[in-house]
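Following: one structure in structure tokens, then a few remarks.
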Amino acid sequence: MSEPVRVLHVFAALDTGGVSNFVMNMYRGMDRSRVQFDFAMTSGEKGIFDGEAEALGGRVFYFDREKSLDQNLKQVLTDKGPFHAVHSHVFFYSGLVLKTAKSCGVPVRIAHAHNAHTGESASIKRKAYEAAMRYLIRSNATVLLGCSEKACRYVFGENIMSDSRSLVMPDGIDCARFAYSPETAAQVRREYGLEGKFVVGHVGHFNPAKNHEKILSVFAELCRLREDAALLLVGDGELENSVRAKAEELDLSDRVIFAGAHRDVEKMYHAMDVFLFPSRYEGFGMAMIEAQAGGLACVASTVVPEDTNADGRAVYLPLEESDEVWARAILAADARRPEAAAEVGRLFGIDSAAKKLEGIYEG
């Protein structure tokens, strides 16, 4: 039996963010007798999924911060290879990753656009950097993947969809993993003291994109309308301390649960009544799909692509809309409908996405 082809995924760390969850979902669903994943962590830091990745047969390489990306990546490609493919998830920096991969003779070189904005200011210096990286990406990639057309156009260039290398591939999930369990819901609610509460939830990094400020201001208005309201925040990140301080300032500390990062994040959705997702920018918004796979109704900002409306019940509101309008939309959201998971599975099931990736890697 021939050895599986090895694919090196390049990103910052195997944390709880959307990119890591996408890659791990694909890894779990992949035929690992044909394709095996390895991981190059540019941050040099360990992540929450490292152990699982290694248990599935992957190797995790941590970059030395004293060395350049080129030096680190060349060392991995030459000493730990051969690799049939390099799959880069580091936004515009993928230009340098794929340039190095090409110089090392890697035949399949994939740049993957996971977002439609970086949050960086549009300074002249920033625009010059993005233009240079777009040129390197287009010059060195064999495949240009994106979670949406919007993400592809932002990272690779406005006219990129006419390029035959471009492919939109919505992220896939294991819907069975997110299927609603009343027993798990009760367990999590007991653990966090949420019995008898109307629980609004959010899953995401504490960073500018996820807009925790809006989450808190909407929740403050919701508390005025419902005395039993509680907020469950799942994730971690650089802005967590400032969000905690804001919750205290709004006198919400006793009604907001900071649950931290969870590898088994699916159980946290079970404890929620409505999912709130007022992002400032999103390439796609995979947390919306995960929430709907558990039957949750979702209220999101209009920057979130409406392709995420998998079960037809999601509500999209402008960020400029008042907190009261957002709060009332949450109250009006449909009750949990576990049967909606079937429609989510048809559109975003992991099997079809994993098989499509297998074909790209082996191509």
Side-chain angles (χ1 to χ4, degrees), residues 7-13 15 17-23 25-26 39-43 69-70 73 85-102 106 108-172 204-205 207-211 279-289 301-308 353 356-357 360-361:
V7 179
L8 183 67
H9 287 269
V10 181
F11 48 110
D15 52 29
V19 177
S20 297
N21 274 294
F22 162 74
V23 173
N25 282 335
M26 293 299 98
F39 305 86
M41 306 290 94
T42 62
S43 69
L69 179 141
D70 183 65
L73 187 55
V86 166
H87 192 154
S88 180
H89 307 272
V90 288
F91 235 128
F92 292 104
Y93 216 49
S94 292
L96 294 177
V97 171
L98 299 189
K99 181 175 182 290
T100 300
K102 185 176 183 179
V106 178
V108 179
R109 302 176 299 277
I110 305 163
H112 203 141
H114 292 278
N115 214 324
H117 203 285
T118 61
E120 299 281 348
S121 60
S123 64
I124 293 175
K125 183 178 180 181
R126 179 70 195 183
K127 288 179 179 178
Y129 163 75
E130 292 179 2
M133 290 300 104
R134 284 190 184 103
Y135 172 78
L136 286 179
I137 289 172
R138 292 195 297 263
S139 299
N140 294 286
T142 60
V143 180
L144 299 166
L145 275 183
C147 59
S148 65
E149 284 194 18
K150 186 177 180 181
C152 284
R153 290 195 298 269
Y154 178 69
V155 179
F156 306 137
E158 190 59 38
N159 299 317
I160 201 64
M161 298 315 298
S162 61
D163 190 314
S164 61
R165 296 173 294 172
S166 297
L167 177 64
V168 173
M169 191 182 76
D171 299 347
H205 272 311
N207 62 28
K210 299 306 179 187
N211 202 4
S279 298
R280 288 190 175 96
Y281 45 88
E282 285 287 345
F284 188 67
M286 206 59 207
M288 288 270 290
I289 305 304
S301 63
T302 51
V303 304
V304 178
E306 291 198 13
D307 291 349
T308 55
K356 186 176 289 187
L357 266 184
I360 291 171
Y361 293 147

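All values reported here derive from a predicted model rather than from experimental measurement.
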State, to 0.1 Å, how close [X] and [Y] come at their nearest heavy-atom pair, and which atoms those are.
X	Y	result
Ile289	Phe284	CG1-CE2, 3.7 Å
Leu69	Thr42	CD1-CG2, 4.4 Å
Gly157	Arg138	CA-NH1, 4.1 Å
Ser43	Ala13	OG-CB, 3.8 Å
Asn140	Arg109	O-NE, 2.6 Å
Ala85	Tyr361	CB-CD2, 4.2 Å

Subject >> Backbone of Ser279 reached by a side-chain donor or acceptor of Ser301 within 3.5 Å >> reply: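 Side chain of Ser301 to backbone of Ser279: a pair is present.
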**OP:** Spell out, as yes or no, whether a donor-acceptor pair under 3.5 Å connects the side chain of Arg134 to the backbone of Val155.
**Re:** yes
Subject >> Derivation and outcome, side-chain contact (heavy atoms from CB on, under 4.5 Å), residues Phe92 and Arg126 >> reply: CA-CA 11 Å; Phe92 292 104; Arg126 179 70 195 183; 3.7 Å; yes
Roughly how far, to the nearest 0.5 Å, is [atom2] of [Y] from [atom1] of [X]?
X	Y	atom1	atom2	answer
Ser94	Leu136	OG	CG	10.5 Å
Cys147	Glu282	SG	CD	8.5 Å
Phe22	His9	CZ	NE2	7.5 Å
Met133	Leu98	CE	CG	11.0 Å
Glu149	Ile160	CD	CD1	12.0 Å
Leu96	Leu73	CG	CG	10.0 Å

Using side-chain heavy atoms (C-beta onward) and a distance below 4.5 Å, is [X] in contact with [Y]?
X	Y	answer
Met161	Val168	yes
Val19	Asn115	no
Tyr154	Glu130	yes
Leu167	Ile360	yes
Val10	Tyr93	no
Leu145	His87	yes

Subject >> For Asp163, side-chain hydrogen bond (donor to acceptor under 3.5 Å, both in side chains) partners two or more places apart >> reply: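 Residues passing side-chain hydrogen bond (donor to acceptor under 3.5 Å, both in side chains) with Asp163: Arg165.
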Original post:
Which residues satisfy the side-chain hydrogen bond (donor to acceptor under 3.5 Å, both in side chains) test with Ser148, sequence neighbours excluded?
Top reply: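 With sequence neighbours excluded, Ser148 shows a side-chain hydrogen bond (donor to acceptor under 3.5 Å, both in side chains) to no residue whatsoever.
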Subject >> Partner set under ring pair (Phe, Tyr, Trp, His ring centres under 6.0 Å) for Phe11, not counting sequence neighbours >> reply: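 Expected list: His89.
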